[in-house]
Enquirer: 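One structure, as structure tokens, below. Some questions next.
When reading the values below, keep in mind they use all heavy atoms of this one structure, side chains included, and skip hydrogens, waters and symmetry mates. So that the names make sense, note that chain A is the first sequence line, chain B the second, and so on, each numbered from 1.
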Amino acid sequence: MSNLQLDAQGQLRHCLTLEGLPRALLLRILDQSEGFLGVARQAVKKVPLCRGKTVANLFFETSTRTRTTFELAAKRLSADVLTLNIAASSTTKGETLLDTLRNLEAMHVDMFVVRHAESGAAHFIAQHAAPGVSVINAGDGRHAHPTQGLLDMFTIRRHKGDFAPLRVAIVGDILHSRVARSQLAALKTLGVAEVRLVAPRTLLPADPESLGARVCHDLREGVRDVDVVIMLRLQRERMRGALLPSEHEYFQLFGLTEERLATAKPDAIVMHPGPINRGVEMDSQVADGPRSVILEQVSNGIAVRMAVMALCLGTQNQGAAVTAHD
Amino acid sequence: MTETSRLSIRHGRLIDPANGIDGHLDLHLAEGRVLAVGTAPAGFQPDQVLDARGQVVCPGLIDLCARLREPGEEHKGNIASETAAAAAAGITSLCCPPDTWPVIDTPAVAQLITRTAEQAGWARVIPAGALTQGLAGEQLSEMFALRQAGCAVMSQADRPILNTLVLRRALEYAATFGLTVFLRSEDPQLRAQGCAHEGRVATRLGLPGIPEAAETVALARDLALAEQTGARVHLRGISCARALEMLADAHCRGLAVTADVSAHQLILTEDDLEGFNSQCHLYPPLRTLTDRDALRDAVRAGLINAVCSDHQPHEADAKLAPFPSTAPGMAALETLLPLMLRLVAQGVLDLPAAIARLTSAPAAILGLPLGNLASGQMADVCVFDPEAQWRIGPETWRSQGHNTPFRGDLLIGRVTWTLLGGRIVHALRSPS
């Protein structure tokens, strides 16, 4: 998959998954993101890196948060942004997707940011995109959400520095989570000491150990001595699909409370991709507590997405210069 | 197509597993039937001679499962296009599942298919009659009438019967008339929205999985009912090792169920889904290397009797979408023999055994006097060059469906001549 993502010079052309991306490239994205953090603090929150470029946000699945951060990231890079909310049903046919793509290409779009309910959708679009057009995966089915994974890594690095000694727990609906898969891929590449997946068996995929993690069914054990706790969002429809008996029981067993968090390292941070179901995944005390970095993740998300867009559009070198100057 | 009444195939390696023949013997055909093997009868003067030096001569291949898409989905293929592909692949008889539109649940539809196939003249088409009306799993179809109309077997295609009592009654009713029932064991609820084997690769790619248990849970039910009813049951498309253990156990208890596997299940694995390769979106799903190797062992041991193509041609758009949205299945008639020869080259089974899985065994499952070259038998013959190398391309591919993951591969083994009832229906070389 990395061949599709990288050009002949090993530069990022598409960002579809973090799996297979070299460590040096991940670190480069994180480094560049540091530079872009400052843009938000400027009086004029813009850099001219992608002036003249057109970015189309193709959201086949509804999303407010991710769509907004991508839109903002593109605008802060001075790109022209087109946002399309394309209602997608499970019966949406490939030709519709390709037709959409071809029409937008005819408008000379430089980048597609794609959110789709099916795994592999961004990959499919990248395979069929015209030369010179980049694709960023903004979440495809259960497969990947690479920029979310990167912003999580960025957040972890800002708090913890070195990845090597870290123990990280990912808690919740691993089965359906594209975020968890991207986090896992990045954490492995960045060489963390240990990743634990904490969930009931109904929310774990088959062969979870093949993802390179240790599996725990007990939250206390799962977060014991960890440096980072990543809580995942639980979709409410899971209660209806015989995956869980109730929100109440889920919270009793897997909800993060101050008491359970006490088994983690004293300086452990708590993350969540949002939006939070308070009282289901975690209680408000934790969500709003001193160890929560959840809102920081949102801010970091814009900087990281700016870095990824700049890299894919080949403007990163200018980016380094501009941000250094800023 | 060449009309001829007397023909000799000379100097080839004749392999006829049904009659235990493997040797350099000539084959003489007259009036659409096999006249003699070896020495020609005195005074026999062929109109045509096929020089099969360096070639293998065997009964025409019999495919237990090939979708022709007609009636109902002619944009994917039709009887003429797909039987022409069958002829090019050495397949002289093929069984089409009843999931056409309309479903093959009335004699009229069955007759439409056989008549259209006869008119096309490329291959013998044996429709499988629907076990239940509309394949809905509720009301039994008129199985006797369907048999009268040419349906050699009854089948539910890939639409399992949810109501176990209906399945029991269907098997009992079929057994009344000695009809063989093709079942593809699957629990649809356990399959859910799955599109790939539930395992390591689907986990990593985030594809909804189809657990092995979707097959084994249903297989347990199907075997229990086969035993209970005494119906002749043929299990289609076995895909996992655990199912083979259950099948072996059933055989140990004396149950006479037969089974088949698709040729590509003996070659590909879940790893071939890498990069969301929609050409490998298949049903049943490609499973693990362990499963594939167990399937190979079962084919070698004869636990799996027959190998079929499970041909499912699609229009190009059907595979142009994100993986879960693509249509499962591959166009597979023309790769059936080369894939079996690949197994022979890899030492999985010897050539006569491979040919048996494609000829005598499927004929026995269908209960038809096909798949052998004894005197008086139908002159359905496949002559192929076991060394010929080829790649899939416009000049080598006949199916209307181009959906195959083997495009670009070097395929070894190519059919030189196919004879249907003594007529040459495919010729790469001119007869002398």
Enquirer: A side-chain contact here means heavy atoms from C-beta on lying under 4.5 Å apart; do B/Pro322 and A/Leu97 qualify?
Expert: yes

Enquirer: Can you confirm whether more than 12 heavy atoms, excluding those of A/Arg167, are under 6.0 Å from its CZ atom?
Expert: no

Enquirer: Which bit of B/Pro208 is near chain A, if near means a heavy-atom gap under 4.5 Å: side chain, backbone, both or neither?
Expert: both

Enquirer: Chain B heavy atoms under 4.5 Å from A/His128: which part of the residue, side chain, backbone, both or neither?
Expert: side chain

Enquirer: Quick one: what part of A/Ser119 sits under 4.5 Å from any heavy atom of chain B, side chain, backbone, both or neither?
Expert: both

Enquirer: Identify the heavy atoms of B/Leu205 and A/His143 that sit nearest to each other, and give their distance.
Expert: O-CB, 3.1 Å

Enquirer: Provide the closest heavy-atom pair for A/Arg181 versus B/Gly206 in the form atom of the first, atom of the second, distance.
Expert: NE-CA, 3.7 Å

Enquirer: How are the rings of A/His123 and B/Phe276 set relative to one another: parallel (under 30°), tilted (30 to 60°) or perpendicular (over 60°)?
Expert: tilted

Enquirer: Is B/Thr203 reaching over with its side chain to a backbone N or O of A/Pro208, donor-acceptor style, under 3.5 angstrom?
Expert: no

Enquirer: Provide the closest heavy-atom pair for A/Ala206 versus B/Glu198 in the form atom of the first, atom of the second, distance.
Expert: CB-CG, 3.4 Å

Enquirer: Got a sec: does the CD of B/Glu395 have more than 12 other heavy atoms crowding it under 6.0 Å?
Expert: yes

Enquirer: Check whether A/Gln127 gets within reach of chain B through its side chain, its backbone, both or neither, counting any heavy atom under 4.5 Å.
Expert: side chain

Enquirer: Under 4.5 Å heavy-atom distance to chain B, tell me which part of A/Arg178 shows up: side chain, backbone, both or neither.
Expert: neither

